[in-house]
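All remarks here apply to the structure that follows.
Per chain, numbering begins at 1; letters A, B, ... match sequence-line order. In this text the structure is predicted, and so the values were computed from the model without any measurement.
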2 protein chains.
Amino acid sequence: MQKAAIERNNETIAAQLTPVGRETVQDRVYSELRRALIGGLFEPSQVLTIRGLADALVTSTMPVREALGRLITEKALEALPNRSVRVPPITLERIDDLLRARSLIEGEAIALAATRMNPRQIASVEAMLGEWDEMRALKHKKDIDREATLNQSFHFEIYRCCGSAVLIPMIESLWLQSGPCIRVAIYAFSDAGEVDTAHYHRSIVAALARQDAQAAREALVADISRPFAFLRDKLQSASKEGLRA
Amino acid sequence: MQKAAIERNNETIAAQLTPVGRETVQDRVYSELRRALIGGLFEPSQVLTIRGLADALVTSTMPVREALGRLITEKALEALPNRSVRVPPITLERIDDLLRARSLIEGEAIALAATRMNPRQIASVEAMLGEWDEMRALKHKKDIDREATLNQSFHFEIYRCCGSAVLIPMIESLWLQSGPCIRVAIYAFSDAGEVDTAHYHRSIVAALARQDAQAAREALVADISRPFAFLRDKLQSASKEGLRA
DNA sequence: TGGTTTGATTTGTGATCACACTTGCTTTGA
DNA sequence: TCAAAGCAAGTGTGATCACAAATCAAACCA
């Protein structure tokens, strides 16, 4: 077979095959734990063990311990002096601290995005708005997970447009840290009246559409402040009616 | 021996002994690599191997690979598709990106610190100013390392006063990322005229002393902008005179 | 009965090994 | 002479083992 023919043949094959990728076990464990953390599947103060997770994920301890180490360095988990690791507990100071950091950094990211998003990108996030309404309309019981996922996609779709390779990992770290807290608030939300978050998202999109960075920032801060404020009240009243260890 | 007596004896001993701590090998490796990275001991684009570092640090590969994994997640190092790891290369976009993030977050941290620092803390950082002048006076050749260390202490002494357990790790991550870049600039500084950075530090301390958050933020941004601007010019002129791989 | 001690189990840490993939060089064949 | 195949050294990944520290529980003594 001549060289040209082989070349052409390879190209034909390449066009039909999709790259298989080479994700390591460690990467999968890490992604899975991230997902669980952001989704709030672990409770604050819950202790995690390497062997326990390894069994649950059906791997050996090695990939798990490395994934845990990574999560500890980004403050998504906490290393106790006992060497055991737990998801960080909720405190009032931590809630305020996280909200301030998120407002600052995500606010900056969306302000940057507002000046950079092209019509196509804006249309893309606008489409997610519709998806949101759609989901809200049929009111499944799995709403909460779905809502959280969709909410995350919505925000990061915007942040990705800020064009900063430095800010985005920081935002991911912040979501990782506030995930377990937020979930508590979300559950309470769906019990309480729950003004629709879609309203907030709509005003974010509106601000982005007219490239109003300041308005986008303010709308975003209003959006992310809600669950934190809710959680804050909940925590304060809980500690008032009787403090327990 | 009675219980009370034993108790008292233990307390006496405890007062004289300093806690030995229980740092793992992995922690030491991690700290050492951090120090090297912030100090700019590794060059941008340099490739690091697990076994190579393990030999250099006289340990086995295990602690090194876990430390490398942690550094990769905080973007202090970069994982190539080959699975080898290197210190991230310098690009113009990355420089601007890092400076923007640092101005935003360190600016916020110092603004918070300005409103919270007590006279004792202010006196503490003011004392470092004197130490700086002292060092500058005798002009060793080891100036650069010493300067870098002192500069780091100065900044983090202030940041620690911001009272945010969320912002500080982010700042550490940013220093880790800009370390290799900055070092390049520092070297060039000491060749060039080098207006003294002490001047900038003095105006930072002055702003903190009168609790002027806005002035402190501006003085800080001016301080950290200098090496970045310097590096930026250097890079631009280098790419202008001929681009090489 | 209450507090202490002792022992077994669990857990994290580090070392070592086996395996697969990459890389660079040598060898081979046209 | 040159390109492709093959080989060898080096590298990251994951599994397993050994060990020390922590935890928990039962047994023990006062």
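- The closest donor-acceptor contact from the side chain of B:Ser31 to the backbone of B:Asp27 lies under 3.5 Å.
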*Verify salt bridge (charged side-chain N to carboxylate O under 4.0 Å, His left out) between A:Arg70 and B:Glu74, making sure each step is shown before the conclusion.*
CA-CA 8 Å; A:Arg70 291 168 68 181; B:Glu74 42 189 350; over 6 Å; no
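- Ion pairing of B:Asp97 with B:Arg100 is present here, as a side-chain N (NZ or NE/NH1/NH2) and a carboxylate O approach within less than 4.0 Å.
- Atom pair B:Asp55:CG and D:dT11:C1' shows a separation of 13 Å (rounding to whole Å applied).
- With values rounded to the nearest 0.5 angstrom, A:Glu108 atom CD is found 12.0 Å from A:Leu220 atom CG.
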Interface polar pairs with nucleotides 12-19 of chain D, N/O, under 3.5 angstrom:
from	atom 1	to	atom 2	distance (Å)
D:dG12	OP1	B:Ile50	N	3.3
D:dG12	OP2	B:Ile50	N	3.2
D:dG12	N7	B:Arg51	NH1	2.8
D:dG14	OP1	A:Val25	N	2.4
D:dG14	OP1	A:Gln26	N	3.2
D:dG14	N7	B:Arg65	NH1	3.4
D:dG14	N7	B:Arg65	NH2	2.6
D:dG14	O6	B:Arg65	NH1	3.2
D:dA15	OP2	A:Ser60	N	3.4
D:dA15	OP2	A:Ser60	OG	2.3
D:dA15	O5'	A:Ser60	OG	3.4

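- Distance check, rounded to the nearest 0.5 Å: NZ of B:Lys75 to CG of B:Leu176 gives 13.0 Å.
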